[in-house]
Every structure is written in C-alpha cells, then in structure tokens.
Amino acid sequence: MPALRTFALCHQISTLSTVNLNKTINTFIGHGNLEEARKLFEQSPHLTNIVSWNSLISGYFKHNNTQQAQYLFDEMPQRDVISWNIMLSGYRNANNPDKVYRCLLHMNRYGDDRPNGLTFAVVISSFLHIDFKHLIPQLHGLLLRLGISLNVFVGSALMRGYIDLDDYKGLARVFYEIVDKDVTPWNVLILGYMKSGFTSEAQRTFDIMPRRNFFTWSTLINGYIENQKLNEARYVFDKMSEKDVVSWTAIIRGYVQYGDFMKALKLFKLMLNSGSTRPNHFTFSTVLYACAGHSAVLVGNQVHACILKSGFPLDVVLLTSLVDMYAKCGDIEVAFCIFESIHVKNLVAWNSIIGGYARHGLAERAIQEFERMLKSGIRPDVITFINLVYACGHGGLVEEGERIFNSMVTEYGLKAEMEHYACMVDLYGRAGQLEKAEKLIEGMPFKPDVVVWGAFLGACGLHSCIELGEIAANGIYTLENDHPAVYSVLSKIYGDKGVCSDITGLDKLMKKWRARKQKAGSWVE
DNA sequence: TTAGGGTTAG
C-alpha cells in the first residue's frame, strides 16, 4: 500500500511539474525568449510531454525559425493531431504551400492521429489563389469521408476555395451544409456573389442575413466598387451608422480607383472631422495616392504632417507612398530625401524613385539609382524596366535605352511586355528614328495595341511623316475605328506638309475611319 | 483555424 501511495504521489508531482514546465516554457516563448524555453526543455527530458514539444515547435514558427521547428518535429517521439496542425499552420503562415502539401501527405501516411476540422481549414486557406486550389474539392470529399462536420471555420475556408475556383454552385452547397452558421459564412457568401458579379444577390443576402458586423459592410462596399458601382458603394457606406477605418479607407480608395481624387480627398477630410475614426497606415497610403493623382502637393504636405503627428511608425509602404506623392507632385528632391530615409528599401520603393526621376526627365539619375539598386542586391522587375526605358526616351538616351531594353531579356530573363515596346517606340520616335520604331513594331511577338500605335503616331506627328503616320493611323483603325486623336495628328501632319489642298482626301480618310474631331487623346503629346 | 482596407507602371 505505501508503495502504491508513493507511486501516486510521484505521479502527481511529475504531472504537476510537467504542467508547470509547460507553463514556464510558454511564458518564455511569450516573451520571445526561445533560448531559455529550449534550455528548460532540454534540461528536463523526464518531464516533457507532447504539449512541451508542441509549444516549442509553435514558438519556433512564431519566430520564423521554420528549420528548428521542422527539426524538433522530426525528433518527436510521438505526435498528435495538434503537432501536425502546428506544422501545417506554421508553413501556411510562412507562405510555403509546398510544405503544407507535403506535410499533409505525410500526415495521411504516417500520422498516428487523423486530421480534424482545423487541419482542413488551415490546408484549404493555404491553397487559395495558387495551383493547389484545384485540390480543394478533393479535400472537401476527404473531410466528408472522414465524417468531419462543416463548422464555420472549415466551412468558410471551403467557401473561399469554391470562390477561388469560380464554382458558385459549390459555394452555395457548402454554405447550406454549414451547421450553426455565424456571421462569417454569410459574409463569405456576399463576397462570392460580388466576385461573380451577382451584385443583387449579394445585396439580397445582406438584407436577409440575421446579423451583420463590420466585415459585412466593407465586403459589400468593396464588392460594389469592384463591380463598377461606386454610387451603390457610397449608398451603403452612408447607411452605416457606425463607420470603421476599413470602410472609410475602402470608400476613399473607391473614388481613387475611379480617378475622382478630389472626392477622395474630401471624404478623407470628412473622416478627420467625423472625430470617431482615426486613419491608419492603409488610409494614409490611399490618401497619398489621391494627392499624387491630383498633384495636390499642399494636401500631401498636410497628410505628411498628419502622419508624423499621429506617431505611426513609418513603414516601407507608407514611405514609398510619400516618395511617390512628392515625385508626382513635382518635388523630386524631397522625394529622394524620403527615399533615402527608408532603411530597408524594397523593389517597389526603388521602382518609385526610378519612376520619379524618369517622369522628371532625369534619365542619368534614374540609371544611377538603378545601379545602386542592383548593388544592394534587389532584382529588377518589369516595372523597373518600363521606368528605365521611359527615362531614356524622355532624356534622349537612345543607345542607353536600347542597351537596357536588351539587357532586360538577356541578363535578367524578363519578358518584354507591350508597355516596354510602347516605351521603346516612344524612345525611337522622339529621337526621330521612325524606321527603327516601325521595325520594332513589326518584330513584336504580339499584335501592337493602341498605346504602341499611339506612341508611333505621336512620333510621326512630331516629325511630320505622312507615310508612316498613315500606317500608324491604319493600325489604330484596326483596333478602334474612331479614335479622335488620329484625326488631329494626321491633320497636323498634312498641314505641316502643306498638303491642305488634299483636304478632301483627308475627309475621305475621315469617313473611312469614321473619326470625329474630339478632344485629342492624352497619349499624344 | 474562418470574413474587410495600403506602395511602384498602365
């Protein structure tokens, strides 16, 4: 009997200690002190249980140390479904769907435990927007076979999956199968209807749903904006009795998207005056974009001051928005100073400053920044090269532009897109090398669009070249048979060349093109 | 573990 008592006592102590050990490990992890947690873990192997292992692994994932997490996981004497789910969500958060997939296969083959609802929710959400999404219906089948009921988590994730696959029947089916729906699946249903363009279905869902939250409102607002129904979005926004920062940002962004920068800025002012909602990073970036679009440097200055006053830490996105705003509003030097203050400059930040110099016609400085960017180890993308070729075109650096354009393909393995060709045509055109521009268009791997033809036509206008101008006009005609700019450029060329007497010929051409004299398109400078 | 908003070109 005493022996049994001793055993029970020991057992109690050891259980207690294990609980305490795990608590301490978690406290260390919570304070970001993984080393101490690990030390404690290694010092007391007799006290550790599966929970200690799981805590430590999850701690490594939280601190972005996936390698250690995987290493510990491999060493585990025994794993439960929680261990697997920690691995899956760790890799999902690390944006590594490949590993999620392999981990899932592994679990299926060797796991001691079966997957549960959480397993599927995590896996499905990490398969969204990528090729793995095609596995989602199979996962759906698998979880039904395993008898896992569709709770709001798995169900909502699955609904997202079917939206991603444009399978709206699947979406509705899952929605009806979810037991004990809370507001989330309703929100996802609205999202799905909006994504497929069924705005009235979305509205009907909104009207009949039992409860709504901020997500509901902003999903509806964004849906209307995506479907080009800004007025409806505004109507819904105005109906909100209590507006949160997300819906404010969304509606401001809506106006920005439609080019109504003035209204966007007015709304921002209204937001500040409302006193109830404070702007955040997202709002500021959006508003700065509006300032840039409207060349409203004074408002931009005020927003800048507002950001500084608000005490938000200036992250790279916000700083890039500032760089872009100042560059577009004409103050490239301030833009550069702010750019220099960015500690870790990413590709977008570099593109902004290079684009800024390009627009200011400072081709050498654009190239200089490009070289600095390369030295800092950032790889250029297609946008970098659009900016660079544009810069060379506006700075008269024809050969440099050619070299850069070619290096994009040969050195950086990027594919030249329509925009690059348009910039190159513009570059040759400005320099008066119209034959080269024509040759380039002929050799393009795809049919030129209206921007390419427009650049060419503009150049022909600039250099008063009738024959090539007519080729350009014809090119545009095949795409848009009554572009107004064609008329104004051609009549300029004919005028320059003194072929005014041929005005009846032009009239014929005009009839043929059914062009009307309207405001000239802005792509012809 | 599920559902909303941000930066570069066009």
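Lettering follows sequence order; numbering is per chain, from 1. Keep in mind that the numbers below use all heavy atoms, side chains included, and drop hydrogens, waters and symmetry copies. All values reported here derive from a predicted model rather than from experimental measurement.
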task = With sequence neighbours excluded, tell me which residues meet ring pair (Phe, Tyr, Trp, His ring centres under 6.0 Å) with A:F339.
result = A:W350
key: Value rounded to 0.5 Å, distance of CH2 in A:W248 from CG in A:N280   = 13.5 Å
query = Using a distance-only test with no angle check, is there a side-chain donor-acceptor pair under 3.5 angstrom linking A:Q368 and A:Y357?
reply = no
request  = Scan side-chain atoms only and decide if A:N64 and A:N93 contain a donor-acceptor pair under the 3.5 Å cut-off.
outcome  = no
query = So, A:T384 and A:N351: side-chain donor and acceptor under 3.5 Å apart, yes or no?
reply = yes
Got a list of side-chain donor-acceptor pairs under 3.5 Å for residues 411-418 of chain A, not counting sequence neighbours?
none

query = Going 5' to 3' on DNA chain B, which nucleotide is the first and which the last to come under 4.0 Å of a heavy atom in chain A?
reply = B:dT1 to B:dG10
task = Please list residues of residues 274-290 of chain A whose heavy atoms come under 4.0 Å from any atom in DNA chain B, ordered by number; otherwise none.
result = A:N280, A:H281, A:F282, A:S285, A:T286, A:Y289
task = May I ask you to list the residues of residues 370-382 of chain A, by number, that have any heavy atom positioned under 4.0 Å from an atom of DNA chain B?
result = none
query = Just checking A:R212: base, sugar-phosphate only, or nothing, at a heavy-atom cut-off of under 4.0 Å?
reply = nothing
inquiry  = I'd like to check A:L146 versus A:F120 (side-chain heavy atoms, cut-off strictly below 4.5 Å). Are they in contact?
reply    = yes
ask   = Taking DNA chain B as the partner, which of residues 139-156 of chain A come within under 4.0 angstrom of it by heavy atom?
value = A:V152, A:F153, A:S156
ask   = Less than 4.0 Å between a side-chain N and a carboxylate O, is that true for A:R372 and A:E340?
value = yes
inquiry  = Restricting to ring pair (Phe, Tyr, Trp, His ring centres under 6.0 Å), what partner residues turn up for A:F370, sequence neighbours left out?
reply    = A:F385
query = So what's the dot-bracket for DNA chain B: Watson-Crick or G-U pairs under 3.5 Å, [ ] if a pair crosses, | if it pairs off-strand?
reply = ..........
ask   = Under 4.0 angstrom, heavy atoms only, what part of the nucleic acid is A:K328 near: base, sugar-phosphate, or nothing?
value = sugar-phosphate
message = Any carboxylate oxygen within less than 4.0 angstrom of a Lys/Arg side-chain nitrogen, looking at A:R430 and A:D426?
response = yes
inquiry  = Could you tell me if A:E402 and A:N406 have a donor-acceptor pair between their side chains, going purely by distance under 3.5 Å?
reply    = no
message = Check this for me, if you would: do A:E333 and A:R365 make a salt bridge, where the nitrogen-to-carboxylate-oxygen distance has to be below 4.0 angstrom?
response = yes
key: Of residues 184-198 of chain A, the positions that come close to DNA chain B - non-hydrogen atoms, cut-off under 4.0 Å   = A:T184, A:N187, A:V188, A:L191
remark   = The correct set of residues in residues 232-248 of chain A placing a heavy atom under 4.0 Å from DNA chain B is A:D244, A:V245, A:V246
note = Which of A:K169, A:K133, A:H140 passes side chain to side chain contact (heavy atoms under 4.5 Å, CB included) with A:Y162? Answer is A:H140
task = Verify the distance criterion only: is there a donor paired with an acceptor across the side chains of A:S247 and A:S218 at less than 3.5 Å?
result = no
message = For A:S321 and A:D324, which I'm curious about, is there any donor-acceptor pair between the side chains at under 3.5 Å?
response = no
Side-chain polar contacts of residues 187-199 of chain A - donor-acceptor pairs under 3.5 angstrom, sequence neighbours left out - could you list them?
residue : atom : partner : partner atom : Å
A:N187  : OD1  : A:T216  : OG1          : 2.9
A:N187  : ND2  : A:N213  : OD1          : 3.3
A:S196  : OG   : A:G192  : O            : 3.2
A:S196  : OG   : A:Y193  : O            : 3.0
A:T199  : OG1  : A:K229  : NZ           : 3.1

message = Is a donor from one side chain sitting under 3.5 angstrom from an acceptor on the other, for A:N301 and A:Y326?
response = yes
Would you tabulate the side-chain donor-acceptor contacts of residues 123-130 of chain A under 3.5 Å, counting partners in other chains and residues two or more places apart, or write 'none'?
residue : atom : partner : partner atom : Å
A:S125  : OG   : A:R92   : NH1          : 2.8
A:S125  : OG   : A:A121  : O            : 3.1
A:S125  : OG   : A:V122  : O            : 3.0
A:S126  : OG   : A:V123  : O            : 3.1
A:H129  : ND1  : A:D164  : OD1          : 3.3

inquiry  = Would A:R359 pass as a cation-pi partner of A:Y390, given that its NZ or CZ must be under 6.0 Å from the six-membered ring centre and within 45 degrees of the axis?
reply    = no
inquiry  = Whether A:R234 engages the ring of A:Y224 as a cation-pi pair (distance to the six-membered ring centre under 6.0 angstrom, angle to the ring normal within 45°) should be assessed.
reply    = no
